[in-house]
Amino acid sequence: MAVDTSDKPTGIAAADIPAMLKDAAISALLALALAIPLFGFRVSSLGTGQGFGLEQRWDLVAVTVAAVFVGRLILMPALRAVSNWLRERRGQRSAEATETIQTVLRFAKLVLLIKLLVAAALWPAFPWVDRWLLDLGILVLTYVMLGWGLNIVVGLAGLLDLGYVAFYAVGAYSYALLAIHFDLGFWQCLPLAGAFAAFFGIILGFPVLRLRGDYLAIVTLGFGEIIRVILLNWYEVTKGPDGISGIPRPTFFGLPFKRNPEEGVTSFHQYFDLDFASTHRIIFLYYVILILALITNFFTLRMRKLPLGRAWEALREDEIACRSLGINPRNTKLTAFAIGAMFAGFGGSFFATRQGFISPESFTFIESAIILAIVVLGGMGSQLGVVLAAIFLIGMTEFFRELEQFRMLAFGAGMVAIMVWRPRGLLAHRDPTIRLNDTKRGGGA
Amino acid sequence: MSMTGSQTMPAGAPLLNVEHLTMRFGGLTAVNDVSFAANHREITAIIGPNGAGKTTVFNCLTGFYSPTVGQLTLNARNSTYLLERMEGYQIAQKAHVARTFQNIRLFPQMSVLENLLVAQHNKLMRASGMSFLGLLGFPGYRKAESAAVEHARYWLDRVNLTHRADADAGNLPYGEQRKLEIARAMCTDPVLLCLDEPAAGLNPTESLELNELLLFIRDEHQIGVLLIEHDMTVVMEISDHIVVLDYGRKIADGSPAFVRNDPAVIRAYLGEEEGDALPPEVVADLAEEKKSNGGGATDPA
């Protein structure tokens, strides 16, 4: 690449230079327009008790504009060289070459997958992973799981659901209420919470699934808000805005993670003869969500190869054609909706047990929006894409905490960058679920 | 049950009986009291000028519209179905009526093979125990799936698309998409195949291949084919029986030779000789009148 950039400018015809100057000047003008409001002025303190003054920083603006001008001038030939090189490469590609590239890409994807899996499995064991990174891992995995769940509804079945967080809330409250009132453990509540969420999915889905696209999105958005408002106002059951606290923590096959367990109860560290450490519980929670997420993923991958999964994708592609082939569109959509809701329910009960406290505050529309953003940015229907997008979106906002008020700006910029760079999502490529002419790969991958 | 048009038909058992089919959209009567029959092992063509109501008839047959008036009876595999009382997807699922669309409706981002497997959805759904057994990896489903793949391969071979089986359906050229849509419809194992302008946009070679394919479907698979088509080389070549519609009414019904020489049909397609000199409104009125006369004469129902 370095060779390309260094020898191309010499090869540029003189006729190109005015065009390049013009292009650079336009960029510089844009930079000027942006730079003046962004850092042309600065409010500075004139000393205690003397108020504030407006400091003008024209030098900084001038430097920026000059830097953009020069930078653009240098960058242009380099970019052109790269794009020429790419175009030549593309021209040379024969059918076989495309096949090779496909194979290489598939292999690269597999390697990335294995790396991610190993990293995820060993995450708590890495020496640099402290409590904060462990919590971050749990958070990212929660969103990965929710993303995978929503991917069934949005990515596979093509039903735009803006109220996904409602099912997450149903799962969380189901667990909290069942655990507190009926004294059930996390593992008994988990399937119940999933079933409740799926039930709500069916209740919502039944009347609205004849709607399509934007209309469905609006109704699901409304449903998400209804659930939140009910949680907020049904004080006798949900304690309204006070939330529910004292939600039981999960136990390791009956062994609680407590420093001083009650009489007659052996705690985790006593049973395994370890020193008590509060991270034990966090590590356990980490593996719980990892396993839950992997179950979600495994389920979706299996489902895609089954007739129901193919029918979901077919419905996304063309509902009328589906009807002409004898597929019942309502039932098929309902299953997608219910299964997606079920995984949100699992995620919700995990959230409740991890936090120990839930309130309607945690289930606002922005959560639905983030989960949907993860699915869309990852590339609709792509499982690996969801992981990458979750790491990117959740990880990035956490890492940029130091930027303080600019954090959400960075978040937005990141989303815009992905959409400009990969308009169809990070990993938009869809592999067929079954192949005819390639029996080796038949059922696998 | 009236056997409309049977006097001009070659022998063949009635598969579909359309009686007094009327479809109104508000004040517009798109199909007006049309009756005809389509037989087993025959290709029945529905022809007529643009806006004659051909596609509306199809949409009533396949459950996309529910007819205002009329009875649609399908007799196949020892059962009788009243199509006008069934929901759209059930007509394909239970009565085994398959159709294609005027503007092709494939699943463009799914592979060719997947398109054909989606067509076998109900069969595979049962084999996978409504997904539960399939999810657990029971061998019954795997067997059913490979049988379904073989069924798909059979039809891919028929339409010469085996080498494109793993390509995205949306990336196929137009003519191959048309053939794939027919193959997909055949994968549902139908008793009646309804094709809405299958030759539209095909070049002469492709049209010829289409003729062969339709004759093959009729002769080897012994099912009834219902065909809407503008391409007269296709229609006259392969149809056993032609129904002509104009302005929502049936104006002729019979063998290709009979229909070709029917004065009402010639009028509908070519207009009156003296009509050229008259203003268009008058021509339309005249045609309407002639048609209702002509329709009454050839329509025994």
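Each chain gets a letter, A, B and so on, in the order the sequences are listed, and its residues count up from 1.
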side-chain contact (heavy atoms from CB on, under 4.5 Å) between A:Arg323 and B:Phe64, intermediate numbers included: CA-CA 9 Å; A:Arg323 272 168 53 190; B:Phe64 285 90; 3.6 Å; yes

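- Atom-to-atom distance recorded for A:Cys322:SG and B:Arg105:CZ is 10.5 Å, nearest 0.5 angstrom.
- For the residue pair B:Phe101 and A:Ala321, the shortest heavy atom distance occurs at CE1-CA, 4.2 Å.
- Both the backbone and the side chain of B:Leu124 have a heavy atom closer than 4.5 Å to some heavy atom of chain A.
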Derivation of the side-chain contact (heavy atoms from CB on, under 4.5 Å) call for A:Arg310 and B:His121: CA-CA 8 Å; A:Arg310 291 202 189 102; B:His121 175 79; over 6 Å; no

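- The side-chain contact (heavy atoms from CB on, under 4.5 Å) search around A:Leu294 returns A:Leu117, A:Leu290, not counting sequence neighbours.
- The shortest distance between side-chain heavy atoms of A:Pro432 and B:Met110 does not fall below 4.5 Å.
- When the candidates B:Glu145, B:Arg142, B:His163, B:Gln109 are compared by the number of heavy-atom contacts under 4.5 Å with chain A, B:Gln109 comes out ahead.
- Each of B:Ala119, B:Ala127, B:Gly63, B:Gly88 has some count of heavy-atom pairs under 4.5 Å with chain A, and the biggest count is that of B:Ala119.
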Residue pair B:Met125, A:Leu308: steps toward the side-chain contact (heavy atoms from CB on, under 4.5 Å) verdict: CA-CA 7 Å; B:Met125 218 35 201; A:Leu308 186 57; 3.8 Å; yes

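- B:Asp166 approaches A:Ile434 most closely through the heavy-atom pair OD1-O, 4.1 Å.
- At a 4.5 Å heavy-atom cutoff, B:Ile91 makes no contact with chain A through either its backbone or its side chain.
- Heavy atoms from other residues, nucleotides or ligands lying under 6.0 Å from CZ of A:Phe346 number more than 12.
- Looking at B:Thr100, there are no atoms closer than 4.5 Å to chain A (heavy atoms on both sides), in backbone or side chain.
- The candidate from B:Asn115, B:Thr188, B:Val118 with the greatest count of non-hydrogen atom pairs under 4.5 Å with chain A is B:Val118.
- For A:Tyr215, the OH atom is loosely surrounded, since the number of other residues' heavy atoms within 6.0 Å does not exceed 12.
- With hydrogens and angles ignored, the 3.5 Å screen pairs a side-chain donor or acceptor of B:Asn122 with a backbone N or O of A:Gly326.
- Here A:Arg330 does not pair with B:Glu87 in a salt bridge; the nearest charged N to carboxylate O distance is not below 4.0 Å.
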From CA spacing to verdict: side-chain contact (heavy atoms from CB on, under 4.5 Å), B:Tyr89, A:Asn331: CA-CA 11 Å; B:Tyr89 70 92; A:Asn331 289 0; 5.5 Å; no

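- Looking at residues two or more places apart in sequence or on another chain, you find a side chain to side chain donor-acceptor pair (under 3.5 Å) between B:Glu114 and A:Arg430, A:Thr433, B:Ser111.
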